[in-house]
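Read the structure below first, then the notes.
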Amino acid sequence: MAFTPAPEESAQSGTHAVTNQPPPLAPYDAADDTVLLEGLRREGAGWAEEELRRLGLRAGSAEAQEWAELANRHEPVLRTHDRYGNRVDEVDFHPSWHHLMRTAVAEGLAGTPWAEDRPGAHVARTAGGLVWGHTDAGHGCPTSMTYAAIPALRKEPELAKVYEPLLTGREYEPELRVPTEKRGLLAGMGMTEKQGGSDVRTNTTAATPTAEPGVYTLHGHKWFTSAPMCDVFLVLAQAPGGLSCFLVPRVLPDGSRNTFRIQRLKDKLGNRSNASSEPEFDRTVAWLVGPEGQGVKTIIEMVNCTRLDCVMMSATLMRRTLVEASHHARHRSAFGARLIDQPLMRNVLADLALESEAATTLTLRLAGAADRAVHGDAGEQAFRRIATAVGKYWVTKRGPAFTAEALECLGGNGYVEDSGMPRHYREAPLLSIWEGSGNVNALDVLRALRREPDTAQALFGELALAQGADARLDAAVARLKDLLASASETSARRLVEHMALTLQGSLLVRHAPAAVADAFCASRLGGDWGHAFGTLPDTAALDAVLARALPGNN
């Protein structure tokens, strides 16, 4: 006998009504960030503000956010052979990846600044990354390496003459073809090998000269080469004169495929929209870049550029997850009040906002130094040399803890993939590993201090600009001098951490509102802080910090 429900039971059950949940964040304005816009103007790229705001709306659009989700859900696939059995070594991407890449290249986030003479071009690119990075971090890898390849390639003017106009363009053409037949190129790099990792001087890939001057053949195996679909790569290999830098195109001038056998794609923790590979070289044709035996010296400028991008990408993840956390807190209620109105949640969000502001401000200061160094400022070059390594160490180290705390603001909702927060959390550790792990960067700071005294002078010259403005900052600078006097490899991390916090504090004292600078100096420099985010002192002006930081308040 069939059961017939009563009319009132036929209606949708109230247990399925969705209440007390935030609406979708997208569309939103990723450039709605006072700290970013102030830094853009201060570092000499105010002329790019209108374009940056336009890009911010596009980055926060529902369409662009969906591209990011799809590019990570449908990961790249390696195709070693075509249907006939010919070796092709290609990587297939979801169309959303190409949408993201096409936009990034068109917006000048790859090599474009090197083709522009106007001051602030490199700052504008970094600011663009801080905004467009609200979509997906993975495609920032090939754009970053393309940007960074230019100064290294310029060590060989004849090669630069051919490739630089294509690497600095705004056209994205993903198909593998003869490089000079394309309107735009992407560049990658292959340095690390399984026996050495960051110790690239132990590389075993061999470079053998051919009868043609400057042309070699390579034989070896790289352990971690990201973005294998790029058109050209800068590769380190052992030539007769020592470790040297080479340009390796995927397609040779005659249209044949260069030997670039992709053995496998890495199964990574994060950055899954981007392919990372192990390529094998076997009589692979390569062109020497810079003198034999000076491979590290040739490619080091590329590393400096990509380290800046690691700082930028970490700051972007901080801002992106802070926006998500604050959006949730504004629309979610618990225990009789909205989360955003509850004192302890306000402390957490304000503490995250301080960290985010300090990271963004430092990122743009580093970009300004890079821009001015390109135009011949020796003092800024020295500051950039040490401060980029300091920022790379500290900001990228803060990223995982920051994203974990922002995720926790969403509670269980933040732990499920649909929220997008797990993707951001998995992304964060990469930026501390890429371009030298924490130890490598800390030791690099020590190396700079010992071998290049002008770097210490530049750093303390920067700190002196805030002298007398805050007693806690002055005390931190004095302590930094004491730490420098007794610096050792064992204490390198402690030294660099203190450098970073002192530098961030000085920038905020000079450029941020008093409430922000006071809260940062009290907590990060004055010791009035706990061991987790959300432990700011009662004296911190939480309302003022949040009013400055949260989107929609400006």
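These numbers come from a predicted model, not from an experiment.
- Looking at heavy atoms from C-beta onward, Val251 lies out of side-chain contact with Arg177 at the 4.5 angstrom threshold.
- Remark: Lys155 NZ is loosely packed, at most 12 non-hydrogen atoms of other residues, nucleotides or ligands lying under 6.0 Å away.
- Between His424 and Phe402, the closest side-chain pair of non-hydrogen atoms is not below 4.5 Å.
- A heavy-atom distance below 4.5 Å is not found between the side chains of Thr455 and Val445.
- Minimum interatomic distance between Ala275 and Leu265 (heavy atoms only, all atoms of both residues): CB-CD2, 4.1 Å.
- Here the side chain of Gln294 pairs no donor or acceptor atom with the backbone of Cys245 at under 3.5 angstrom.
- Annotation: ring pair (Phe, Tyr, Trp, His ring centres under 6.0 Å) contacts of Trp394 (sequence neighbours excluded): none.
- A donor-acceptor pair under 3.5 Å links the side-chain atoms of Thr388 to the main chain of Arg384, judged by distance alone.
- Scanning both residues, Phe93 and Pro76, for their nearest heavy atoms gives CE2-CB, 3.6 Å.
- Checked for salt-bridge contact, Arg257 and Glu90 meet the test: a charged N lies under 4.0 Å from a carboxylate O.
- Applying the side-chain hydrogen bond (donor to acceptor under 3.5 Å, both in side chains) rule to Arg125 yields the partners Asp309; only residues at least two apart in sequence or on another chain are considered.
- Taking the six-membered ring for Trp and thresholds of 30 and 60 degrees, His74 and His94 have nearly parallel ring planes, at less than 30 degrees apart.
- At a threshold of 4.5 Å between non-hydrogen side-chain atoms, the residues Pro240 and Glu292 count as touching.
- Side-chain N or O atoms of Thr143 include none that pairs as donor or acceptor with a backbone N or O of Cys141 at under 3.5 Å.
- The backbone N or O of His221 lies less than 3.5 Å from no partner atom in the side chain of Glu278, so there is not a single donor-acceptor pair.
- Put simply, CG on Asn258 and CG on Leu252 are 4.0 Å apart, with the number rounded to the nearest 0.5 Å.
- With hydrogens and angles disregarded, a donor-acceptor distance shorter than 3.5 Å links the side chain of Thr135 to the backbone of Trp132.
- Annotation: the span from Leu109 atom CG to Leu55 atom CG amounts to 6.5 Å, rounded to 0.5 Å.
- Interatomic distance, Asn441 CG to Cys310 SG, rounded to the nearest 0.5 Å: 8.5 Å.
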Atom pairs and distances, donor-acceptor, side-chain atoms in residues 227-236, under 3.5 Å, two or more places apart:
residue : atom : partner : partner atom : Å
Asp231  : OD1  : Lys182  : NZ           : 2.6
Asp231  : OD2  : Leu186  : N            : 2.9

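- When every heavy atom of Pro400 is checked against every heavy atom of Tyr425, the shortest pair comes out as O-CE1, 3.6 Å.
- With sequence neighbours excluded, no residue forms a side-chain hydrogen bond (donor to acceptor under 3.5 Å, both in side chains) with Arg283.
- Within the model, atoms NE2 of His375 and CD of Glu380 stand 12.5 Å from one another, a figure rounded to the nearest 0.5 Å.
- In this structure, the side chain of Glu427 engages the main chain of Asn271 through a donor-acceptor pair within 3.5 Å.
- Atom NE2 of His134 sits about 13.0 Å away from atom CG of Asp136, to the nearest 0.5 Å.
- Two residues are said to be in side-chain contact when any heavy atoms from C-beta on lie closer than 4.5 Å; Arg385 and Asp444 meet this criterion.
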Run the side chain to side chain contact (heavy atoms under 4.5 Å, CB included) test on Leu495 and Leu480 for me, step by step, so that the C-alpha distance in whole Å, both residues' side-chain angles and the decisive distance to 0.1 Å come before the verdict. CA-CA 7 Å; Leu495 170 67; Leu480 178 58; 3.8 Å; yes
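- Asp117 pairs by the side-chain hydrogen bond (donor to acceptor under 3.5 Å, both in side chains) definition with nothing, not counting sequence neighbours.
- The OG1 atom of Thr180 sits 14.5 Å away from atom CZ of Arg183, with the distance rounded to the nearest 0.5 Å.
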Show your reasoning for whether side chain to side chain contact (heavy atoms under 4.5 Å, CB included) applies to Lys222 and Thr205. CA-CA 8 Å; Lys222 294 298 179 181; Thr205 296; 3.8 Å; yes
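- Remark: the backbone N or O of Thr168 is paired with a side-chain donor or acceptor of Thr112 at under 3.5 angstrom.
- In terms of modelled atom types and a separation under 3.5 Å, the side chain of Thr284 and the main chain of Thr259 share a donor-acceptor contact.
- Residues Arg524 and Gln504 fail the side-chain proximity criterion, which asks for heavy atoms closer than 4.5 Å.
- Glu116 has a carboxylate O that lies under 4.0 Å from a charged side-chain N of Arg170, or vice versa, which qualifies the two as a salt bridge.
- One N or O on the side chain of Ser506 and one on the backbone of Leu503 form a donor-acceptor pair closer than 3.5 Å.
- Between Thr396 and Trp434, the closest side-chain pair of non-hydrogen atoms is not below 4.5 Å.
- Within a 6.0 Å sphere centred on CD of Gln467, heavy atoms belonging to other residues, nucleotides or ligands number 12 at most.
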Run the side chain to side chain contact (heavy atoms under 4.5 Å, CB included) test on Leu36 and Leu364 for me, step by step, so that the C-alpha distance in whole Å, both residues' side-chain angles and the decisive distance to 0.1 Å come before the verdict. CA-CA 8 Å; Leu36 169 66; Leu364 291 168; 4.1 Å; yes
Show the numbers, then the answer: is there a side chain to side chain contact (heavy atoms under 4.5 Å, CB included) between Ile300 and Val303? CA-CA 5 Å; Ile300 195 64; Val303 174; 4.3 Å; yes
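- Between Glu497 and Arg494 there is no salt bridge, since no side-chain N of the basic residue sits under 4.0 Å from a carboxylate O of the acidic one.
- For the 3.5 Å distance criterion, the side chains of Ser437 and Asn439 fail to qualify, holding no donor opposite an acceptor.
- When atom types are taken as modelled, the side chain of Asp454 and the backbone of Gly379 share no donor-acceptor pair closer than 3.5 angstrom.
- Of all non-hydrogen atoms in Trp114 and Ile150, the two that sit nearest each other are CD1-CG1, 3.4 Å.
- Between Arg479 and Asp482 no salt bridge is recorded (no basic side-chain N to carboxylate O distance below 4.0 Å).
- A 6.0 Å sphere centred on CZ of Arg79 holds more than 12 heavy atoms belonging to other residues, nucleotides or ligands.
- With contacts defined as side-chain heavy-atom distances shorter than 4.5 Å, the pair Ile299/Val200 does not qualify.
- Among residues at least two apart or in separate chains, salt bridge (Lys or Arg N to Asp or Glu O under 4.0 Å) pairs with a member in residues 389-398 are Glu355-Arg398.
- A salt bridge is absent between Arg307 and Glu435; no separation between the charged side-chain nitrogens and carboxylate oxygens falls under 4.0 Å.
- In this structure, Pro429 and Leu269 approach most closely via the heavy-atom pair CG-CD2, 4.2 Å.
- Residues Ser273 and Asn72 come closest through the heavy atom pair N-OD1, 3.5 Å.
- Between Lys161 and Glu156 there is no salt bridge, since no side-chain N of the basic residue sits under 4.0 Å from a carboxylate O of the acidic one.
- Under 4.0 Å is where a charged nitrogen must lie from a carboxylate oxygen, and between Glu462 and Arg510 at least one such pair does.
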